[in-house]
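Okay, so here's the structure we're looking at.
Quick caveat: nothing in here was measured; it's all calculated off a predicted structure. Throughout, a chain's letter reflects where its sequence line sits, starting with A, and its residues are numbered from 1.
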Amino acid sequence: DLRRRLGEGARAPFWAAAWKFPPATAETEVRAIHWQVGRTGRRTPVAEVVPVLLGGVRISRISLHNAAELERLDIAEGDHVVVGLIGDVIPQVLAVVGRVSREDTADAVPTKLPAAAIDACLRDGPGCTEQFLARLVHFVSKPGMNIAGFGRGRLRMLIEAGLVHDLTSIFRLQEEAIAAVPGFGDITARKLTGAIRAVDRSDHFRLVVAIGIPGVGKAGAGRLAKQFTSLDTLLEAKDEQLNVMPGKDRKTAKTVRNFFQSSGGRELLEKFRGLGMLRN
DNA sequence: TCCGGTGGGTGTAGGCTCAC
DNA sequence: GTGAGCCTACACCCACCGGA
């Protein structure tokens, strides 16, 4: 009864806490620092290290989270670092124990990261492929449209083959065209198109999550789905209607509306409608 | 002002399937 | 037969923002 009264959050119950062992540690060397681009455009530094065994796990890449963390640790290529396996799962740089001369290393921290636009990289294009690919990976993922069989590698091949250039392209893929791409065969092509056909196209708010609007996740979209019967009822809602909603729901609703009022959002909306999706 | 929830992001292992 | 890719599970960190 106490557990029921305390309830659960989106990730964990409020009535439980986990006790963790201190992480196992090992020393290794930083080979390089790469910057990865996420679906929202966020850039994350990742340290590539000389592979080291930690708790039976071979560690070769470690997220450094952001530029501030990179600066705080002051890591450069060639440095020796102590790494740990937080929670027995996530590799983490705990400290730098041996530094190379900073004169020999280039500054890996970008001076200024571009601000993420709400409708940035909705399609493939120069300077946009990595973010668009990350968007696509999210789009087909389980929390997104849940289209099985599309991983990062296959999506990249489909982009390079010119078959996928925006999010709606996925729904226009033809079995023969996929099978003609090197690396794909008849079986894979049949399975992928079968997975595409199996998508529930009537779930407006799942599609909203899948599109990957910054700040709009599964929990927020789920709350909107309880308050609006369709995406159109949300888009047509007056400010007075939104203003009586709880703060975080109001913000999510306005974020969604702003997205579909942007030029990229409007274009995407029309394309999905053309596919028979997002209709009342 | 501070706390807590949510969103966005990360890496690895292991089993499975399929292209080559 | 082999290697590559996908999927799933696991669990953490950080930024941001609403609400107390």
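- If you take CZ of A/Phe184 and C1' of B/dT17, they are 14 Å apart, rounded to a whole angstrom.
- A sub-4.0 Å separation between OP1 or OP2 of B/dA19 and a side-chain N or O of A/Thr188 is present.
- Side-chain proximity of A/Lys251 to the nucleotides B/dT17, B/dT12, C/dC17 is greatest for C/dC17.
- Whole-Å rounding puts the A/Asn146 CG to C/dC6 P distance at 16 Å.
- Between the CZ atom of A/Arg190 and the P atom of B/dC18 there is a distance of 9 Å, rounded to whole Å.
- Look at CD1 on A/Ile147: it is 14 Å from P on C/dC6, rounded to the nearest Å.
- An OP1 or OP2 oxygen of B/dT17 is reached within less than 4.0 angstrom by no side-chain nitrogen or oxygen of A/Lys191.
- Nearest-nucleotide assignment on DNA chain B puts the 5′-proximal partner with A/His138, out of A/Gly185 and A/His138.
- In this structure, CZ of A/Arg154 is placed 9 Å from P of B/dC18, rounded to the nearest angstrom.
- Note: CZ (A/Phe150) to P (B/dC18) measures 15 Å, nearest angstrom.
- Atoms CE (A/Met157) and C1' (C/dC6) sit 11 Å apart, rounded to a whole Å.
- Atom CD1 of A/Ile213 and atom CG of A/Leu122 lie 9.0 Å apart (nearest 0.5 Å).
- Taking the nucleotide of DNA chain C with the nearest heavy atom to each of A/Gln92 and A/Gly151, the more 5' of the two is matched to A/Gly151.
- Comparing atom distances between the A/Arg61 side chain and each of B/dC18, B/dG11, C/dC13 picks out B/dG11 as nearest.
- One atom, CD1 of A/Ile213, and another, P of B/dG8, lie 10 Å apart when rounded to the nearest Å.
- Using modelled atom types and a 3.5 Å distance limit, the side chains of A/Asp166 and A/Ser169 yield a donor-acceptor pair.
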Subject >> Candidate pair A/Arg266 and A/Ser262, rule side chain to side chain donor-acceptor pair (under 3.5 Å), full reasoning >> reply: CA-CA 6 Å; A/Arg266 272 202 309 272; A/Ser262 69; over 6 Å; no
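- In terms of position along DNA chain B, the nucleotide closest to A/Arg223 lies nearer the 5' end than the nucleotide closest to the other residue of the pair A/Arg223 and A/Pro182.
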**OP:** Go through the steps for A/Glu130 and A/Arg156 under the test salt bridge (Lys or Arg N to Asp or Glu O under 4.0 Å), then give the verdict.
**Re:** CA-CA 9 Å; A/Glu130 287 307 308; A/Arg156 188 185 290 280; 3.0 Å; yes
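- Atom CZ of A/Phe228 sits about 5.5 Å away from atom CG of A/Leu242, to the nearest 0.5 Å.
- Distances were taken from every side-chain heavy atom of A/Ser60 (C-beta onward) to each of B/dC18, B/dT12, B/dT10; the shortest belongs to B/dT12.
- A/Asp186 comes within 4.0 angstrom of sugar-phosphate atoms only, judged by non-hydrogen atoms across all strands, and of no base.
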